[in-house]
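Heads up: the structure comes next, in structure tokens.
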Amino acid sequence: MLTQPDSRGRFGAYGGRFVPETLIPALDQLEEAFAAAWQDPSFINEFQGLLKNYVGRPTPITFAPRISEQTGLHVTIKREDLNHTGAHKINNALGQCLLAKRMGKKRIIAETGAGQHGVATATICALLGLECEVYMGVDDCARQQLNVFRMRLLGAKVNEVTSGTRTLKDALNEAMRDWVATVNTTHYVIGTAAGPHPYPYMVREFQKVIGEEARAQYLEEYKSLPEYGIACVGGGSNAIGFFAGFVGDPSVKLFGVEAGGLGIESGSHAAPLTAGEPGVLHGSFSYLMQDAEGQIMGTHSVSAGLDYPGVGAEHSHLKDTGRVEYFAVTDDEALTAFKEVARLEGIIPAFESAHAFAPLWMKDRFPKGALVLVNLSGRGDKDMETAARLFKL
Amino acid sequence: MPSSQASIQDRFSKLRGLGEKALVLFVTAGDPPLAELPAILGALEEGGADLIEIGIPFSDPIADGPTIQASSQRALDRGVNMEGVLSAVKAASVSIPIVAMGYLNPILRMGVREAAQRFASASISGTIVSDLTPEEGADWIKASRDQMLDTIFLAAPTSTDARLDLVCKDSTGFVYAVSRTGVTGTGSAVPSDVLSLVTRIKERTQLPVCVGFGISKPEHVRMVCGAADGAVIGSWLVQWLAANWQGGAGRAALIEQIRELKAATR
């Protein structure tokens with residue numbers, strides 16, 4: 001069974017609302033509007049209709065014959081890379097923008113790390129005729145420049161964030177500050193499963209289509225469930241949507257793969273569930289990377305989308321209950337997987353998604369012949385400039 | 001010990017007797033450097049401050065505009081930590097109440113009981129936690145009551161009547177009315193609808209109400225003190241100190257500025 005947050009927006013001990021007073025009425029309004037929409041057949045029909053005819057769902061599952069042969073496993077891939085705009089992010093962006101429209105809010109803001117959520121939001125805003133501004137760390141703008149161009153072409157304004165770490169964390173800070181000032185007219189489309197209630201719950205509900213589809217497709221194809229499900233975890237939106245399909249199946253072991261950067265022992269990573277402790281960041285109580293003083297630590301990952309010190313509240317709960325096992329893989333392990341997936345299967349994953357593949361090559365992670373389903377959250381076109389530099393392509 | 005905490009309530013009673021309103025000033029602990037803090041607090045008191053908010057720097061201040069963000073970052077870059085801040089506050093010999101203002105995570109990290117105890121023993125009279133609302137505040141409120149620390153919650157122009165009820169119920173010392181829908185920082189004018197927020201708060205509580213965010217000039221102070229019991233000045237002072245304190249060389253000029261602001265509360 002999927003966990004429902006309690007009346008304070010908590011999954012177990014995690015979640016809640018830790019934001020300035022100014023935003024609380026808007027969160028109350030959002031919670032109410034989402035609850036009503038999510039029971040309204042006309043809203044659900046519109047959402048599902050656009051997922052089918054605009055986003056291109058359902059995305060297929062694809063057997064990976066050559067990875068399977070090389071690893072001695074039976075590996076199947078859930079293809080979120082085949083969504084319009086190239087990642088799972090559009091599922092949530094579509095849901096939230098439809099909701100914003102229903103609430104009469106005509107201006108949309110979003111944060112983005114890798115740019116995939118920014119592109120997805122800019123895309124849906126173009127479709128629905130909404131004004132769109134995206135906050136993106138200036139360092140991320142440099143390493144994901146193609147996505148900056150895409151957002152601008154789609155009519156969004158991209159605000160480069162120069163404060164703090166100049167990556168996803170500070171993009172979120174800036175978006176939050178914008179929202180504090182514009183909350184009466186603006187909806188903030190948070191792209192990850194983090195943030196104050198109702199975001200972690202709402203984002204999961206909009207993303208759970210990934211897991212529900214994958215489960216049904218797998219059953220139809222193989223007449224059984226997979227033994228393992230794997231997804232990468234930054235803030236955790238693709239993973240929470242994917243896991244949602246399987247948490248009620250005790251036979252399916254679930255792995256959440258965090259960004260180990262240069263290695264957990266180096267301190268340069270983005271793995272709060274693996275090496276962090278609970279605290280409050282961006283409106284929610286959850287695991288995060290913090291120092292002894294409770295200051296939020298800088299992170300490192302080759303993948304901009306995972307380069308974040310916090311994580312969605314429900315993941316913290318799933319960690320503590322033991323339902324999902326979380327661990328980290330390093331930049332190098334992810335980059336090796338990135339190349340292997342491309343060469344063996346003709347699929348170029350995003351750097352983020354490559355983290356979910358890396359465990360396939362690790363000794364002792366899986367018994368021989370295990371049935372493994374990997375969530376490929378997005379495609380790697382955006383990472384080609386970095387890949388070209390790293391691999392001298 | 002808690003007995004050395006100056007009473008916020010007594011301060012407001014005294015002001016009422018004098019027919020004055022409160023001048024509340026915000027400074028970031030550690031910007032200028034922490035060693036200067038006792039001298040700065042002394043100068044603010046001499047200039048006429050009635051209450052001082054000490055900003056505890058945090059890496060991710062989502063309720064703050066560019067001025068306080070940059071100031072917090074400078075303080076953190078200088079290695080400011082909670083222990084240092086509390087020692088510096090303790091070392092300042094001012095008689096006006098001092099309130100700590102910051103974000104929740106450093107308090108959680110220390111543990112709410114431990115944090116309340118340490119604030120109180122540094123002679124801090126109350127706290128304002130920008131990302132804590134009454135709904136999530138039970139543990140902090142309890143720890144604070146045990147240490148005679150006031151809990152000052154924020155009321156915003158967007159707050160519904162039901163939320164103002166909550167804010168008033170859980171606040172002690174005073175209620176902080178946010179002048180505008182936005183983050184901290186100076187602006188050219190204070191929105192006049194803050195006065196209706198002050199009225200809505202006063203319908204619910206006997207507590208004093210202080211207005212902050214975007215207040216930087218004597219005319220702003222005069223305007224909000226028409227309805228409220230005090231005015232809070234933050235970003236303007238933070239900026240002034242960063243530019244002009246100069247290791248204490250700016251002391252006389254600072255006192256002069258504060259006197260002008262204080263005059264607007266009379």
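Just so it is clear: chains get the letters A, B, ... in the order the sequence lines come, proteins before strands, and each one is counted from 1. Quick caveat, the model's predicted, so the values are computed rather than measured. Computed over heavy atoms, backbone and side chain alike; hydrogens, waters and symmetry mates excluded.
- Applying the 6.0 Å contact sphere to CD of B/Glu114 captures more than 12 heavy atoms from other residues, nucleotides or ligands.
- Without hydrogens or angle criteria, A/Glu21 side chain to B/Thr133 main chain gives no donor-acceptor distance under 3.5 Å.
- Note: A/Arg177 leads A/Glu293, A/Arg177, A/Gln290, A/Met176 in heavy-atom pairs under 4.5 Å with chain B.
- For B/Met110, no part lies under 4.5 angstrom from a heavy atom of chain A.
- In this structure, CG on A/Leu23 lies 7.5 Å from OG1 on B/Thr158, to the nearest 0.5 angstrom.
- Residue A/Arg10 comes nearest to B/Glu136 through the heavy atom pair NH2-OE1, 2.6 Å, listed as atom of the first residue, atom of the second, then distance.
- The contact list for residues 269-277 of chain A toward chain B, using heavy atoms and a distance under 4.5 Å, reads A/Glu277 by residue number.
- A distance-only check finds a donor-acceptor pair linking the side chain of B/Arg109 to the backbone of A/Asp291 [under 3.5 Å].
- B/Gln73 places no side-chain N or O within donor-acceptor distance of the main-chain N or O of A/Gly164, the cut-off being under 3.5 Å.
- When each of B/Leu76, B/Asn105, B/Val80 is tested with A/Gln295 by the rule side-chain contact (heavy atoms from CB on, under 4.5 Å), just one qualifies, namely B/Leu76.
- Highest contact tally toward chain A, considering only B/Gly137, B/Ala155, B/Pro61, is held by B/Pro61 [criterion: heavy-atom pairs under 4.5 Å].
- No part of A/Leu172 comes within reach of chain B, as not one of its non-hydrogen atoms sits under 4.5 angstrom from that chain.
- Both the backbone and the side chain of B/Ser159 come within contact range of chain A, each with at least one heavy atom under 4.5 Å from a heavy atom of that chain.
- Looking at A/Thr22, its side chain never comes within 3.5 Å of a backbone N or O of B/Thr181 through a donor-acceptor pair.
- With hydrogens and angles disregarded, no donor-acceptor distance shorter than 3.5 Å links the side chain of B/Arg180 to the backbone of A/Ala181.
- Residue B/Lys202 places its NZ atom among more than 12 non-hydrogen atoms of other residues, nucleotides or ligands, all under 6.0 Å distant.
- Going from atom OH of B/Tyr103 over to atom CG of A/Leu281 covers 12.0 Å, rounded to the nearest 0.5 Å.
- Within 6.0 Å of atom CZ in B/Arg113, 12 or fewer heavy atoms from other residues, nucleotides or ligands are found, so the atom counts as exposed in its surroundings.
- Contact between B/Glu135 and A/Arg8 at its shortest, heavy atoms only, is O-NE, 4.1 Å.
- Residue B/Val129 does not touch chain A at all, counting heavy-atom pairs closer than 4.5 Å.
- Although no hydrogens or angles enter the test, the distance criterion places no donor-acceptor pair under 3.5 Å between the side chain of A/Asn173 and the main chain of B/Ile62.
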